[in-house]
Amino acid sequence: MQVEQKEKLYEGKGKKLYKTNDENFVLAEFKDDLTAFNAQKKGNEEGKGALNCKISSEIFKLLEKRGIKTHYVETLADNLMLCQFVEIIPIEVVVRNIATGSLTKRLGIKEGERLPFALVEFYYKDDSLGDPLINDEHALILGCVKSIEILEHLRKIGRDVNEVLCEFFDRRNLMLVDFKLEFGLNQKNEILVADEITPDSCRFWDKNSKEKLDKDRFREDLGGVKMAYEEVLKRILLG
Ligand code: UDP
């Protein structure tokens with residue numbers, strides 16, 4: 001699809017969004033910047049943007065193939081993705097298979113423990129509040145969505161994405177520990193998986209060594225961030 005890049009619409013921590021000549025589409029430029037702990041920790045890894053663009057493109061294509069609607073249209077260059085324009089729902093949907101990160105801190109569940117079922121959590125997307133954990137009633141009171149049914153729908157898509165990705169990564173010797181999804185509404189009012197699905201927003205552990213192959217390498221100063229992202233892409237492309 002031919003589009004012209006127009007003015008910048010928004011700049012986030014991991015991407016810049018540009019308008020195009022068609023109001024239904026935006027261009028997402030993946031950045032090399034890394035941030036953690038609500039942007040208190042900052043870094044940069046050359047080539048990370050291109051790796052994330054490729055990884056996210058492959059995952060969105062996989063989800064589309066499995067009947068899960070996403071905002072993905074086409075990858076136009078190394079770090080440039082054409083997406084449907086969506087109005088982002090201000091909820092981060094986190095799906096967890098294995099306890100780590102904030103879950104272990106909040107509830108004292110042992111690090112590395114497999115949860116009895118995939119846990120879906122909602123966080124309110126608001127940097128000034130530090131993205132707090134919310135329940136369904138909070139989401140309604142905050143006006144994040146219009147009805148409880150939409151929240152149920154987000155939970156269902158979260159679980160569907162988890163099933164597809166767990167199976168996909170298991171065959172590639174990677175454990176999908178947890179991940180974050182964002183959703184948006186397009187012009188037709190359809191709910192689409194939006195933003196990105198990358199090692200910035202997911203946790204991947206090697207099934208045998210339990211080595212971390214995601215942004216935790218940056219969060220915890222483990223080094224080898226780019227190598228880890230390259231490894232995830234290599235395994236995705238195994239076919
Ligand atoms: N996550 C994310 N963006 C956020 C918060 C979390 O992409 O603003 C992802 C994170 O990479 C992990 C999952 O969501 O895969 C769960 O993160 P957690 O709540 O454990 O937060 P953290 O330990 O990163 O503070």
Side-chain angles (χ1 to χ4, degrees), residues 10-15 28 30-31 33-43 45 48-49 51-53 55-56 59-60 63 70-71 88-115 117-135 138-139 142 144 154-155 157-159 161-162 164-166 168-169 174-184 193-206 210-222 225 228-229 231-232 236:
Y10 166 82
E11 179 160 0
K13 293 172 206 146
K15 289 182 300 302
F30 285 68
K31 305 199 296 187
D33 295 346
L34 278 155
T35 63
F37 313 120
N38 203 13
Q40 285 168 41
K41 177 171 174 155
K42 292 192 172 90
E45 193 74 38
K48 189 220 52 157
L51 284 164
N52 271 358
C53 182
I55 290 169
S56 205
I59 294 179
F60 282 144
L63 295 180
T70 78
H71 71 160
I88 291 285
I89 297 172
I91 296 178
E92 297 194 341
V93 177
V94 169
V95 183
R96 302 176 185 271
N97 298 301
I98 292 168
T100 188
S102 68
L103 183 72
T104 54
K105 289 188 204 112
R106 196 179 328 111
L107 299 181
I109 301 174
K110 229 174 82 209
E111 165 85 18
E113 197 166 297
R114 182 164 281 282
L115 302 172
F117 53 87
L119 169 65
V120 184
E121 298 174 328
F122 294 149
Y123 292 83
Y124 182 40
K125 236 174 102 62
D126 185 319
D127 284 340
S128 67
L129 297 172
D131 296 345
L133 178 71
I134 54 171
N135 67 19
H138 294 131
L142 290 165
C144 299
L154 300 186
R155 247 188 225 106
I157 306 174
R159 294 214 165 89
V161 170
N162 188 47
V164 171
L165 296 188
C166 276
F168 179 82
F169 284 109
L174 281 176
M175 290 161 72
L176 179 62
V177 173
D178 57 28
F179 60 96
K180 182 256 316 176
L181 294 177
E182 295 192 23
F183 293 89
V193 177
D195 195 45
E196 64 178 69
I197 303 180
T198 66
D200 277 0
S201 63
C202 304
R203 286 191 173 102
F204 298 109
W205 293 352
D206 179 83
K210 304 290 183 299
E211 189 185 12
K212 294 176 177 181
L213 296 170
D214 55 61
K215 199 168 85 172
D216 273 350
R217 301 202 72 83
F218 169 71
R219 291 190 187 96
E220 297 169 21
D221 291 317
L222 299 175
V225 175
Y229 286 45
E231 181 62 28
V232 170
I236 287 174

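This chain uses plain numbering: 1 for the first residue, then up along the sequence. What you see is a predicted model; the values in this text were computed from it and never measured. Just so you know, ligand 1 is whichever comes first in the structure, and atom 1 is the first atom listed for that ligand.
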Return the residue, atom name and 0.1 Å-rounded distance of the protein heavy atom closest to atom 3 (N) of ligand 1. K180 CE, 3.6 Å

Return the closest protein heavy atom for atom 21 (O) of ligand 1 as residue, atom name and distance. S102 OG, 3.8 Å

From E220 CD over to K41 NZ, what is the distance, rounded to the nearest 0.5 angstrom? 9.0 Å

Counting only nitrogen or oxygen atoms and a 3.5 angstrom limit, does R219 reach ligand 1? yes

Does at least one non-hydrogen atom of D200 fall below 4.0 angstrom from an atom of ligand 1? yes

Looking at CD1 of I157 and CG of L63, how far apart are the two atoms once the value is rounded to the nearest 0.5 Å? 10.5 Å

List ligand 1 atoms under 4.0 Å from D131, heavy atoms only on the residue side. 8 (O)

Does any donor atom in the side chain of N97 or N162 lie under 3.5 Å from an acceptor atom in the other side chain? yes

Any side-chain heavy atom of H138 sitting closer than 4.5 Å to one from Y124? no

Just let me know how A36 lines up against ligand 1, side chain, backbone, both or neither, with a heavy-atom cut-off below 4.0 Å. neither

Find all atoms of ligand 1 within a distance of less than 4.0 Å from any non-hydrogen atom belonging to G101, and give their numbers and elements. 20 (O), 23 (O)

Can you say whether the rings of F169 and F204 are parallel (under 30°), tilted (30 to 60°) or perpendicular (over 60°)? tilted

With a 4.5 Å limit on heavy-atom distance, are the side chains of L165 and I197 in contact? yes

Side chains of D200 and Y229, heavy atoms from C-beta outward: is any pair under 4.5 Å? yes

For atom 22 (P) of ligand 1, what's the nearest protein heavy-atom neighbour? Residue, atom name and distance, please. R203 NH2, 3.6 Å

Closest protein heavy atom (residue, atom, distance) for atom 4 (C) of ligand 1: E92 OE1, 3.4 Å

What are the atoms of ligand 1, with element, lying closer than 4.0 Å to any heavy atom of V94? 14 (O), 16 (C)

Taking the side chain as every heavy atom from C-beta outward, state whether S102 and R96 have any atom pair closer than 4.5 Å. yes

For ligand 1, which atoms sit closer than 4.0 Å to a heavy atom of F179? 15 (O)

Would R96 count as a contact of ligand 1 if the rule is a heavy atom under 4.0 Å away? yes

Atom 13 (C) of ligand 1: the protein heavy-atom neighbour that sits closest, reported with distance to 0.1 Å: D178 OD1, 3.5 Å

Just to confirm, does any protein heavy atom lie below 4.0 Å from atom 10 (C) of ligand 1? yes

Please determine whether any non-hydrogen atom of Y123 lies less than 4.0 Å from an atom of ligand 1. yes

Within the 4.5 Å heavy-atom criterion, are Y10 and K15 side-chain neighbours or not? no

Got a second to check how far R203's CZ is from I98's CD1, nearest 0.5 Å? 11.0 Å

